[in-house]
K.L.:
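Dropping the structure in here first, questions after.
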Number of protein chains: 2
Amino acid sequence: MDTEAVEKVVRMPSVKRLPGYLCILRRFQMQGRELVSTTHLAEEIGLAPIVVRKDLEITGITGKPKVGYPVPELIEGIENFLGWNNATDAFLAGVGCLGSALMGYQGIRNNGLNIVAGFDNDPAKIGSTVHGRSILPLKKLPDLVRRMHVRIGILTVPADAAEEVAQMMISAGIKGIWNFTTVDLKTGPDIVVQKEDLSSGLAALSVKLKRAKEKKEEETES
Amino acid sequence: MDTEAVEKVVRMPSVKRLPGYLCILRRFQMQGRELVSTTHLAEEIGLAPIVVRKDLEITGITGKPKVGYPVPELIEGIENFLGWNNATDAFLAGVGCLGSALMGYQGIRNNGLNIVAGFDNDPAKIGSTVHGRSILPLKKLPDLVRRMHVRIGILTVPADAAEEVAQMMISAGIKGIWNFTTVDLKTGPDIVVQKEDLSSGLAALSVKLKRAKEKKEEETES
DNA sequence: TTTTTATCGATATATTTTTATCTATTATAC
DNA sequence: GTATAATAGATAAAAATATATCGATAAAAA
Ligand SMILES: NC(=O)c1ccc[n+]([C@@H]2O[C@H](COP(=O)([O-])OP(=O)(O)OC[C@H]3O[C@@H](n4cnc5c(N)ncnc54)[C@H](O)[C@@H]3O)[C@@H](O)[C@H]2O)c1
Ligand SMILES: NC(=O)c1ccc[n+]([C@@H]2O[C@H](COP(=O)([O-])OP(=O)(O)OC[C@H]3O[C@@H](n4cnc5c(N)ncnc54)[C@H](O)[C@@H]3O)[C@@H](O)[C@H]2O)c1
């Protein structure tokens with residue numbers, strides 16, 4: 001029985017902006033700041049205050065007029081909303097250039113994800129460690145996923161192996177794939193795939209630069 | 001005097017999806033396919049056909065009913081729209097884990113960006129090469145930007161150096177910064193910054209996973 | 001105390017983006 | 001040739017997202 005379930009709509013753009021606030025808030029906390037207003041947060045992150053206020057709404061934390069939000073509560077609220085309070089284990093497949101960079105990246109761990117081990121099919125890599133985490137043979141992935149109840153897989157294999165390795169992950173019980181390959185994975189509806197697409201970022205940069213250039217040329221003419 | 005300028009609005013979401021189509025189209029071309037329909041493209045990329053058709057509109061390429069679009073023209077149209085036909089030179093600052101991965105990544109070169117050199121302030125790295133490109137002292141960046149008329153800078157330095165290095169780039173004449181740090185750069189309005197934010201992707205993954213889990217639990221209950 | 005100012009939180013409006021509908025076109029099958 | 005099915009392209013509707021407005025509230029200043 002839905003006892004007045006407040007149908008809270010979570011907007012994805014807001015969700016994606018939360019880590020940015022979190023990063024700034026953590027810095028503020030280290031500086032000993034107790035309170036922060038959306039005005040100030042907005043200035044730091046380069047957005048309009050109204051955007052920030054709307055975004056923070058989804059955490060459920062409330063602020064005080066003329067004062068702002070309590071920094072520690074806000075941090076906890078965001079972490080809590082994102083489920084970043086308790087670290088989640090993840091496996092990474094494809095310990096190449098990008099894969100090892102990710103395995104050593106503190107930013108991921110700070111955001112609630114713990115890359116437990118890397119998997120590869122290169123005999124030269126298997127058995128060694130990267131940033132303190134061991135590289136295991138890909139074959140062992142399914143069994144370990146099951147035994148350790150790992151739900152998140154990070155995919156950094158070459159494109160032609162992506163689909164196959166992803167299927168292996170899913171068969172073993174992985175529920176979410178952080179996909180760094182260019183491949184659009186074909187998965188069932190119960191699997192969550194987050195594709196991290198460098199090329200779309202580059203496309204955005206290219207077009208924005210082109211626009212800026214055109215704009216400048218127009219101004220020069222007039 | 002605007003002689004009936006067809007005010008073509010470029011939607012950013014469409015721009016960001018173009019590289020995905022491009023990647024698939026290039027594969028099709030290698031397979032010798034001459035034509036492709038939005039229906040088929042949509043299936044490949046996992047989107048609705050209507051989305052694909054709307055997106056391809058901005059390239060100006062037209063298709064034929066019952067047939068589709070000519071693959072080579074479409075590739076050229078997308079590349080042309082994004083300015084990826086002629087490679088653009090770029091400098092990268094901060095040749096660490098991520099920086100060197102990017103310098104060796106063919107995907108960037110395929111998308112019209114040519115990382116000419118890397119810059120660092122670590123004496124141990126300066127003078128060596130990464131994936132065939134030399135690592136130069138950061139000090140030399142401004143002069144080389146001016147001499148080579150480089151307009152794009154890639155920022156992969158640690159967070160605490162980001163603002164400083166970005167300012168150095170901008171002062172030298174860099175117009176677009178591909179920012180991989182967590183820092184929200186403070187720049188003037190004529191500088192284009194594309195922030196590549198891993199944490200927002202992770203946030204999206206976390207929330208989508210949480211949702212999927214809740215949904216499944218609801219289904220199990222009923 | 002009263003006024004002023006900053007800021008929250010709610011509501012409303014505008015804009016952007018997605019999705020649907022419909023018509024025209026063209027290759028293919030009959 | 002004519003019917004049929006697939007699909008482009010235009011237009012319209014719906015949904016999502018961003019932005020603006022405004023009253024309430026709390027702190028600081030007068
Ligand atoms: N290098 C980058 O900067 C970058 C950036 C964005 C995306 N990517 C993507 O990340 C992926 C990897 O790129 P990279 O540059 O790290 O390549 P890489 O060749 O350096 O690394 C690939 C790794 O995967 C391993 N591998 C190959 N086949 C495998 C398999 N079937 N199972 C398990 N491991 C396997 C290889 O042994 C290697 O260690 C590619 O899909 C690429 O498109 C790379
Ligand atoms: N490692 C990852 O997977 C990853 C992923 C996403 C974003 N990032 C971001 O990329 C940046 C670099 O990360 P990393 O893991 O490669 O770190 P890293 O420490 O491996 O590399 C940093 C490099 O920058 C150089 N450097 C330091 N100060 C400099 C300066 N003032 N000028 C020029 N060079 C300087 C260092 O010598 C080093 O080579 C960070 O801001 C990080 O948040 C990293």
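Chain A is the first sequence line, chain B the second, and so forth, proteins listed ahead of strands; every chain is numbered from 1. Computed from a predicted model, the values in this text were never measured in an experiment. Keep in mind that the numbers below use all heavy atoms, side chains included, and drop hydrogens, waters and symmetry copies.
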K.L.:
Scan Thr39(B) against the nucleic acid and name what it touches under 4.0 Å (heavy atoms): base, sugar-phosphate only, or nothing.
P.N.:
sugar-phosphate

K.L.:
Whole angstrom is fine here: how far is it from NZ in Lys16(B) over to C1' in dT16(C)?
P.N.:
14 Å

K.L.:
In whole angstroms, how far is the P atom of dC8(C) from the NE2 atom of His40(A)?
P.N.:
12 Å

K.L.:
Please state how far atom NZ in Lys64(B) lies from atom P in dG9(D), giving the value in whole angstrom units.
P.N.:
12 Å

K.L.:
Roughly how many Å is it from CG in Leu47(A) to P in dA18(D), rounded to a whole number?
P.N.:
9 Å

K.L.:
Before giving the answer on salt bridge (Lys or Arg N to Asp or Glu O under 4.0 Å), spell out for Arg26(B) and Glu79(B) the whole-Å C-alpha distance, their side-chain angles and the decisive distance to 0.1 Å.
P.N.:
CA-CA 11 Å; Arg26(B) 280 172 176 162; Glu79(B) 285 180 344; 2.8 Å; yes

K.L.:
Return the value, rounded to whole Å, for the distance between atom CG of Asp55(A) and atom P of dA16(D).
P.N.:
17 Å

K.L.:
Salt bridge check, Asp190(A) against Lys216(B): does any charged N sit closer than 4.0 Å to a carboxylate O?
P.N.:
no

K.L.:
How close do Ile177(A) and Ala166(A) get, heavy atom to heavy atom, and via which atoms?
P.N.:
CD1-CB, 4.0 Å

K.L.:
Please tell me which of Lys66(B) and Lys54(B) maps to the more 5' nucleotide of DNA chain D, matching each residue to the nucleotide holding its nearest heavy atom.
P.N.:
Lys66(B)

K.L.:
Once you apply the 3.5 Å cut-off to both distances, tell me the Watson-Crick or G-U wobble partner of dT25(D), or none.
P.N.:
dA6(C)

K.L.:
Return the value, rounded to whole Å, for the distance between atom CG of Leu35(A) and atom P of dA6(C).
P.N.:
17 Å

K.L.:
Taking the side chain from Lys186(A) and the backbone from Glu163(A), do they hold a donor-acceptor pair closer than 3.5 Å?
P.N.:
no

K.L.:
Once you round it to whole Å, what is the distance between P of dA20(D) and CZ of Arg53(A)?
P.N.:
12 Å

K.L.:
Counting only heavy atoms not in Glu164(B), do more than 12 fall under 6.0 Å of its CD?
P.N.:
no

K.L.:
Whom does dA29(C) pair with, Watson-Crick or G-U wobble, provided both distances fall under 3.5 Å?
P.N.:
dT2(D)

K.L.:
So, OP1 or OP2 of dT18(C): does either fall under 4.0 Å of a side-chain N or O from Arg17(B)?
P.N.:
yes

K.L.:
Take the protein atom CG of Leu56(A) and the nucleotide atom P of dG9(C), then report the distance between them rounded to whole Å.
P.N.:
9 Å

K.L.:
Indicate, with a heavy-atom threshold strictly under 4.0 Å, whether Thr38(B) touches base, sugar-phosphate, or nothing.
P.N.:
sugar-phosphate

K.L.:
Starting at the 5' end of DNA chain C, which residue's closest nucleotide do you reach first, Ile50(A) or Val67(A)?
P.N.:
Val67(A)

K.L.:
With a 4.0 Å cutoff (strictly under), does any side-chain N or O of Arg11(B) reach OP1 or OP2 of dT16(C)?
P.N.:
no

